[in-house]
Amino acid sequence: MSCVLGFDVGSRLIGVAVGNRFTGSARGLAAIAVRDGDPDWLRLDALRQEWMPDTLVVGLPLTLDGEEQPASKGARRFADKLGQRYNLPVALTDERYSSQEAAQRFANARAAGLKKRRDAATIDAEAAAVILERWLASATGH
């Protein structure tokens, strides 16, 4: 298989993206709600069933110095739950600056007339795509 799902874990939303190992590209799919510390597992189950990934990639929030921080624990906990629930390999990857890059991509798409202000909710999914593209590039040596 060549399909990989990527996740940008937040306290209120989890961005989800799908990527392809062959092309090294990724695109945002959805922003999944988090309630009482748990994601909408039914929605995640549906995305997993639809895309049938062989690997899951979770962004690991690090400080600018590359050290773990409080949010790192939440990402690790989510990664563990994903691995247990889906019995798939889960990779953690540095997500530093992914949100800024996603916001810049969104701003560029708005300037080009490709996105509207109401599409701003997709920034979490775009951040997941940034994380996934970085992982794909490092995994394939691109």
Side-chain angles (χ1 to χ4, degrees), residues 1-111 114-142:
M1 297 246 0
S2 64
C3 184
V4 181
L5 285 182
F7 303 90
D8 177 37
V9 181
S11 60
R12 292 177 298 158
L13 292 172
I14 295 175
V16 184
V18 62
N20 183 299
R21 288 182 195 271
F22 297 127
T23 64
S25 63
R27 68 180 176 88
L29 290 177
I32 306 295
V34 176
R35 288 192 178 78
D36 299 322
D38 282 320
D40 181 346
W41 285 110
L42 293 178
R43 183 80 172 99
L44 288 172
D45 292 347
L47 288 170
R48 184 203 158 275
Q49 186 64 36
E50 179 180 352
W51 293 98
M52 298 302 290
D54 60 16
T55 303
L56 306 171
V57 177
V58 176
L60 183 64
L62 300 173
T63 65
L64 296 180
D65 296 332
E67 300 295 322
E68 294 212 10
Q69 58 177 315
S72 304
K73 289 180 185 171
R76 286 187 179 281
R77 195 168 32 253
F78 177 71
D80 288 343
K81 288 180 181 180
L82 278 177
Q84 291 170 7
R85 188 174 187 99
Y86 300 131
N87 197 28
L88 290 170
V90 179
L92 288 162
T93 191
D94 183 352
E95 71 163 41
R96 282 179 287 180
Y97 304 109
S98 60
S99 294
Q100 293 91 328
E101 186 173 334
Q104 186 61 51
R105 287 183 183 188
F106 179 77
N108 292 343
R110 277 202 66 203
L114 302 173
K115 298 257 186 200
K116 305 269 188 240
R117 183 176 295 164
R118 69 174 184 270
D119 296 324
T122 64
I123 288 179
D124 292 294
E126 187 64 36
V130 170
I131 291 165
L132 195 47
E133 285 173 354
R134 289 179 186 169
W135 182 84
L136 287 165
S138 68
T140 61
H142 287 124

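One-based numbering along the sequence shown.
- Listed by first and then second residue, the salt bridge (charged side-chain N to carboxylate O under 4.0 Å, His left out) pairs that reach into residues 75-90 are D38-K81, D45-R85, E68-R76, sequence neighbours excluded.
- Between the side chain of T93 and the backbone N or O of G59, no donor-acceptor pair lies under 3.5 Å.
- When all heavy atoms of F22 and S2 are compared, the pair lying nearest together is CE1-CB, 3.2 Å.
- For the side-chain contact (heavy atoms from CB on, under 4.5 Å) test, residues two or more places apart in sequence or in another chain that qualify with A91 are V57, W135.
- In terms of heavy atoms, L136 sits closest to G19 at CD1-CA, 4.2 Å.
- Considering every non-hydrogen atom in both A17 and A125, the closest pair reads CB-O, 4.0 Å.
- The residue from L132, I131, V130 that alone fulfils the side-chain contact (heavy atoms from CB on, under 4.5 Å) condition with R134 is V130.
- Here the side chains of I32 and L13 are not in contact, with every heavy-atom distance at 4.5 Å or above.
- Here the shortest heavy-atom pairing between R48 and L5 reads CA-CD1, 4.2 Å.
- Residue L44 holds its CG atom at 13.0 Å from CD of Q49, rounded to the nearest 0.5 Å.
- Side-chain contact check for R21 versus T55: some heavy-atom pair is nearer than 4.5 Å.
- Using a 30° and 60° split on the angle between ring planes, F78 and F7 fall in the perpendicular class, above 60°.
- Across A26 and A129, no two heavy atoms sit closer than the pair CB-O, 3.7 Å.
- Scanning for side-chain contact (heavy atoms from CB on, under 4.5 Å) contacts around E67 gives T63, D65, with sequence neighbours left out.
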